Structures are given as C-alpha cells and as structure tokens.
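Worksheet: the structure to be examined is printed underneath.
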Amino acid sequence: MKEDEMIICRCEEVSYEELKTTAAKYKCSARELKLRTRAGMGYCGGRSCRTMVDKIAATSANDRNRTCVSLKYQPPIRPISFKNLGG
Amino acid sequence: MDNAIIIGAGPAGLTAAVTCAEKGLDVVVIDEYMRAGGRLLGQLYEEPNGNWWNGIKESTKLYKKAVDLGVNFHLNTAVNNIENSNGIWTIYTERETFHTPSLLLATGAAEAPVPVPGWTLPGVMSVGAAQVMTNVHRVKPGERGVIIGVNVLSAAIAMELQLAGVEVASLTLPKTNQMTQDAGKPKEVLDSLLHVSHMAPSPFVRYGSKLMKNDFMKKLGVNFYPKKGVKMWDIPIQLRKAVTKIYGEDEVEGVTLATINADGEVVSGSEEHIPVDFVCIAGGLYPLAELAAVAGCPFYLVEELGGYVPLHNERMESPLEGLYVAGNITGIEGAKVAAAQGRTAGLSMAHHAGMDELDGEIKNSIEWTEQTRDNAHIQFHPEIETGRKKILQQWDAYQSNKKRSVVSNSRGGIT
C-alpha cells in the first residue's frame with residue numbers, strides 16, 4: 001500500500017490523498033476540509049482522525065485561531081443506541 | 001440533585017471526589033471505563049529512589065477511600081452531553097440524567113494517532129491500548145511487536161511490555177509526512193528526549209543528556225547515531241529508522257523498516273522486513289476537552305500543554321459558573337500533578353457549595369500543585385511552566401475583557 005492510499009478517516013473511508021489534494025486545491029480550513037471530504041463526520045464523531053484533519057488543513061490555512069477549537073464538537077460526544085436516544 | 005458531580009475517575013477525579021466528600025458534600029463520580037483509576041491503572045515504573053509506582057494499587061487506594069466516604073460511583077457510563085440552565089448543570093448519560101450546581105470535568109487525555117500505511121490492519125493499536133491490555137487486563141497484545149513513535153510515554157510502556165514478557169523488536173520513528181511532522185525527524189525527537197532526560201524513567205535518556213550538551217553535539221549525536229540503535233533494557237531504540245509500512249494479509253505480519261537521514265528522509269534501498277504480530281503507535285497525548293467544548297467554555301491553544309485547553313485559573317475554575325476542570329484536560333502532566341489539581345478543584349467546589357474559610361486550604365493546595373510539578377519524575381513537555389503561565393494570562397485577559405464589556409453594556413443601557 002502506498003502512503004497516499006492510507007485511510008485517515010475510517011468511518012467515512014477518506015484517504016490521505018483525498019485530504020491532501022482537497023486542502024491544496026481549496027486552501028481551506030479544517031472545518032471546510034471536513035465538510036468537503038466528510039472526514040470526521042462519521043459515527044465516531046472524528047475521535048480518531050480529528051487531529052490529522054487539523055494538521056493537513058493547518059499547513060494550508062493562514063493563521064490558526066487559538067481561542068476556539070478548530071473542529072466543532074457536537075453532542076452526543078459518544079455513540080448512543082437508537083433505543084436509548086428515543087427514550 | 002447532587003452537591004457535586006465529577007466526570008472522570010482518574011487521579012484528578014478521584015482526589016477531587018475524596019476532597020469534596022471530606023467536606024461533607026454528596027458526590028457522584030461518572031466514568032466511561034468499567035474500573036476506577038483512569039490512566040493511572042496502566043502505570044508501573046521504578047522511581048529514581050528505587051520505589052515502584054504501581055498504578056493499580058494507587059487507584060484501588062483512592063477508589064476505596066472515596067467509597068468509604070460515601071462517594072457514589074457510576075462506572076461503565078459514558079456522558080454524551082452537558083448543559084447549563086439557571087445555574088444547574090444537567091449531565092446526560094446513556095442510562096440516567098444527573099443534575100448538579102457544581103460540575104468537575106476530569107476527563108484526562110486522549111492519544112493522538114500516527115498514520116502509517118497499513119495502520120488499519122487488525123493488530124495495530126495505540127501504545128496506551130497495549131498498556132491497558134498488558135497491565136490492567138493481563139492479556140499480551142502479542143508475542144513480538146514494534147512501537148512507532150519515540151517519546152517519554154512510549155519508552156515507559158516499552159519497558160512495561162518487556163516486564164510482562166512481550167518482546168519489543170524496536171522502538172522507532174514513523175516516516176515523516178504532513179501529519180507526523182516532528183515525530184518523524186530524528187533531530188527533533190532526540191531534542192525532545194534530551195529536554196526531559198534528567199527525569200525520564202530511562203537510563204538511555206539520562207545517559208544521552210550528559211553526552212550532548214549543545215546543539216552541535218546533538219546534531220553529531222543524530223548523524224552518528226548508530227544505525228542499529230541504542231539498547232535500553234534490551235529494546236533497540238532506533239532513531240535513524242522509520243516504519244514505512246505495516247504489512248499483512250488479514251492481520252499484522254510485520255513492518256517495513258527503512259534507514260532515514262537526520263531530517264527524516266528515507267534512504268532508498270535500505271528497507272528491510274521485520275516480522276511482528278502487533279504494532280503500537282505512539283503519537284503522544286492531548287487534553288480530552290469535548291465536554292468543555294459542548295458546554296461553550298472558552299479555549300486557548302497552548303502547545304506546551306498538549307493542545308486546546310479550556311480556560312481556567314489556579315483554583316481550577318472555568319469561566320462558566322459552577323464548572324471546574326482538573327487533571328490532563330488542563331494540560332498533559334503526570335498523575336501526581338493531576339491529583340494535586342483534583343484536590344484544589346474539590347476545595348473550590350466545596351467553597352462553591354457554601355463552605356466558608358477554605359481560602360487558606362485552597363492557597364496551600366495551589367502551592368502543593370506547583371511543588372509536585374517541580375518534583376515530577378516525568379515531564380511530558382519541557383516548557384510546561386511556560387504553558388501554565390500562558391493559560392493564566394489568557395484567563396486574566398478574558399476576565400478583564402468581560403469586565404470591560406459589562407461596563408460598556410451598562411453605559412449603553414443608560415444613554
């Protein structure tokens with residue numbers, strides 16, 4: 001397996017290459033990179049790939065905003081079964 | 001309604017629970033793991049004075065103390081969300097919903113990943129997972145493995161694996177790329193190890209620091225660093241090698257190891273196959289602050305503390321009323337510092353609950369935290385003190401901004 005082919009976001013099966021080329025093409029923030037590729041939008045809520053998506057984007061973004069987390073956290077922050085979610 | 005709720009049963013959370021209970025508060029502790037102790041559970045190392053630090057024993061001691069004081073534990077319970085309304089925090093878990101005026105987030109840290117081609121194969125795990133399997137569950141992660149990522153944590157865990165009779169074929173670097181960055185550069189890695197050398201639980205690191213006093217010597221050290229590596233407890237530490245690939249059909253069968261130059265670039269043709277049945281990746285720790293984020297707590301990015309940290313003061317108060325933080329959520333440090341912070345947070349929560357005359361105790365607890373930090377055997381970031389100062393400056397700046405905006409708002413109201 002080549003480095004470019006390795007999977008970064010396991011839930012949404014997004015490869016390193018897809019993230020790199022998207023970041024280079026749109027020179028986008030971590031949030032935009034997430035929305036364009038769906039990396040970090042799977043059922044784990046980005047618990048595995050968040051820091052990597054952040055790093056790939058950070059190198060193409062201008063300056064990092066130090067006062068708020070670059071990729072938003074949203075509840076539920078852990079997976080919940082449908083049964084428990086419905087009450 | 002409970003007087004105080006603590007999320008996280010690690011050294012910080014347990015110490016805070018004990019402190020609150022001693023002050024007469026009804027305390028509930030919630031943790032997603034099935035056993036109390038947090039990351040403390042996995043720790044096992046020899047201190048410079050020759051004593052062994054056994055995390056399981058320390059956890060059990062703290063847990064029993066808390067139970068004896070009447071602390072109510074909800075283990076194996078993940079918190080999904082927290083909300084505040086009219087000064088009361090609501091804590092949502094999959095089973096129950098809790099309410100409290102005083103909530104402590106002691107959620108600790110998470111491990112950062114190190115992506116390597118083939119890292120999705122079964123048999124690849126974080127180094128912390130290997131530690132928990134070995135030391136807590138007493139299950140070998142495999143017979144022979146490789147650890148990718150050389151840092152204080154991975155060196156300590158390599159030794160623990162060795163103690164358990166698991167062979168560590170190599171402690172080595174990831175191939176450098178956009179995500180691994182400095183973790184893949186021999187000079188940077190050696191540099192970070194040298195900073196912590198005088199307190200790291202590793203004769204290799206201690207030895208290295210005396211040899212290499214300045215940058216020139218460090219550069220030399222990397223250039224002439226033996227290709228085969230230096231052995232620590234029979235484990236080869238290979239700073240001039242990097243794993244370029246993890247291979248295997250249905251599970252890990254081995255890794256491809258290549259020689260790298262001082263900047264981390266692979267020397268082509270140097271690749272060799274190392275047969276192993278498991279691989280640990282060690283990308284370091286970052287503060288796990290999800291709940292502070294969903295609560296709307298202001299953050300600041302402090303590299304020295306390991307990442308984005310919720311704003312807090314020395315009393316472990318966050319800017320949100322009734323919300324406290326302690327332990328690695330406030331920055332990556334050892335268990336003893338976390339416990340000291342937990343005590344401060346517990347006292348602040350007791351104060352919030354209406355207990356008077358705690359100011360002296362809180363002041364002492366803050367001083368004790370600083371002393372513990374100064375005497376720590378393991379320091380995860382060489383500039384931890386700078387990081388602590390930065391977050392306090394941000395706290396002050398935030399508070400004075402808030403005051404200013406309150407003043408200008410009220411003026412606006414008058415005119």
Side-chain angles (χ1 to χ4, degrees), chain A residues 1-17 19-24 30 33 39-40 44-61 63-87, chain B residues 32 77-83 92-97 107 110-121 126 175-181 244-247 256 266 283-284 286-303 307-311 390 394 397-398:
Chain A
M1 179 193 268
K2 292 197 189 87
E3 187 174 41
D4 277 350
E5 292 165 10
M6 73 180 163
I7 295 296
I8 299 302
C9 171
R10 298 176 188 215
C11 304
E12 295 289 326
E13 296 189 11
V14 185
S15 69
Y16 183 36
E17 183 171 28
L19 285 163
K20 260 197 322 191
T21 50
T22 307
L33 186 58
C44 91
R47 285 172 76 197
S48 321
C49 68
R50 158 183 295 271
T51 56
M52 295 182 282
V53 172
D54 222 14
K55 277 180 183 162
I56 296 169
T59 49
S60 52
D63 208 3
R64 297 181 84 185
N65 182 355
R66 290 187 164 264
T67 57
C68 66
V69 287
S70 57
L71 289 168
K72 197 181 164 197
Y73 287 99
Q74 283 167 117
I77 60 160
R78 292 291 178 275
I80 305 184
S81 68
F82 259 124
K83 184 176 159 232
N84 284 320
L85 189 63
Chain B
E32 61 186 335
T77 305
V79 174
N80 299 313
N81 191 16
I82 56 172
E83 275 177 347
Y92 299 93
T93 76
E94 193 152 356
R95 294 195 203 111
E96 276 174 74
T97 301
T107 46
E111 290 188 80
V114 179
V116 177
W119 77 314
T120 43
L121 279 171
S126 76
K175 184 185 157 294
T176 178
N177 61 36
Q178 233 175 311
M179 292 162 294
T180 57
Q181 296 174 346
T244 57
K245 191 180 141 184
I246 303 166
Y247 64 83
T256 307
V266 170
Y286 67 92
L288 189 60
E290 303 149 302
L291 287 172
V294 298
C297 184
F299 276 79
Y300 201 72
L301 174 63
V302 186
E303 277 84 4
Y308 286 96
V309 170
L311 283 193
K390 278 188 190 170
Q394 288 306 315
Y398 180 83

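By convention in this document, chain letters (A, B, ...) are assigned in the order of the sequence lines, proteins followed by strands, and residues within each chain are numbered from 1. Since the model is a prediction, treat every value here as computed from it, not as a measurement. Side chains included, hydrogens not; waters and symmetry mates left out as well; all remaining heavy atoms used.
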Subject >> Pick from A/Lys20, A/Lys72, A/Arg50, A/Met52 with the largest number of heavy-atom pairs that fall under 4.5 Å of chain B >> reply: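 Answer, by heavy-atom pair count under 4.5 Å with chain B: A/Met52.
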Interface moiety of [X] toward chain A, non-hydrogen atoms closer than 4.5 Å:
X: B/Glu32; result: side chain
X: B/Ile246; result: neither
X: B/Tyr398; result: neither
X: B/Val79; result: backbone

Subject >> A/Thr51 versus chain B, the contacting section by heavy-atom distance below 4.5 Å >> reply: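 The answer is the side chain of A/Thr51.
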**OP:** Would you mind checking which part of A/Arg10 comes under 4.5 Å of any heavy atom in chain B, side chain (CB onward), backbone (N, CA, C, O), both or neither?
**Re:**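 Contact with chain B: side chain only.
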Original post:
Is the cationic atom of A/Arg66 (NZ for Lys, CZ for Arg) positioned less than 6.0 Å from the six-membered ring centroid of B/Tyr308 and within 45 degrees of its normal?
Top reply: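 No, A/Arg66 does not sit over the ring of B/Tyr308.
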At what distance, to the nearest 0.5 angstrom, does [atom1] of [X] lie from [atom2] of [Y]?
X: B/Leu291; Y: B/Ile82; atom1: CG; atom2: CD1; answer: 5.0 Å
X: B/Thr120; Y: A/Met6; atom1: OG1; atom2: CE; answer: 10.0 Å
X: A/Cys49; Y: A/Arg47; atom1: SG; atom2: CZ; answer: 12.0 Å

**OP:** Taking only Lys NZ, Arg NE, NH1 and NH2, and the carboxylate oxygens of Asp or Glu, determine whether A/Lys2 and A/Glu17 approach each other closer than 4.0 Å.
**Re:**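 No, no charged N to carboxylate O under 4.0 Å.
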Original post:
Any idea which heavy atoms bring B/Pro115 and A/Ile8 closest together, and the distance?
Top reply: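 Result for this residue pair: CB-CD1, 3.9 Å.
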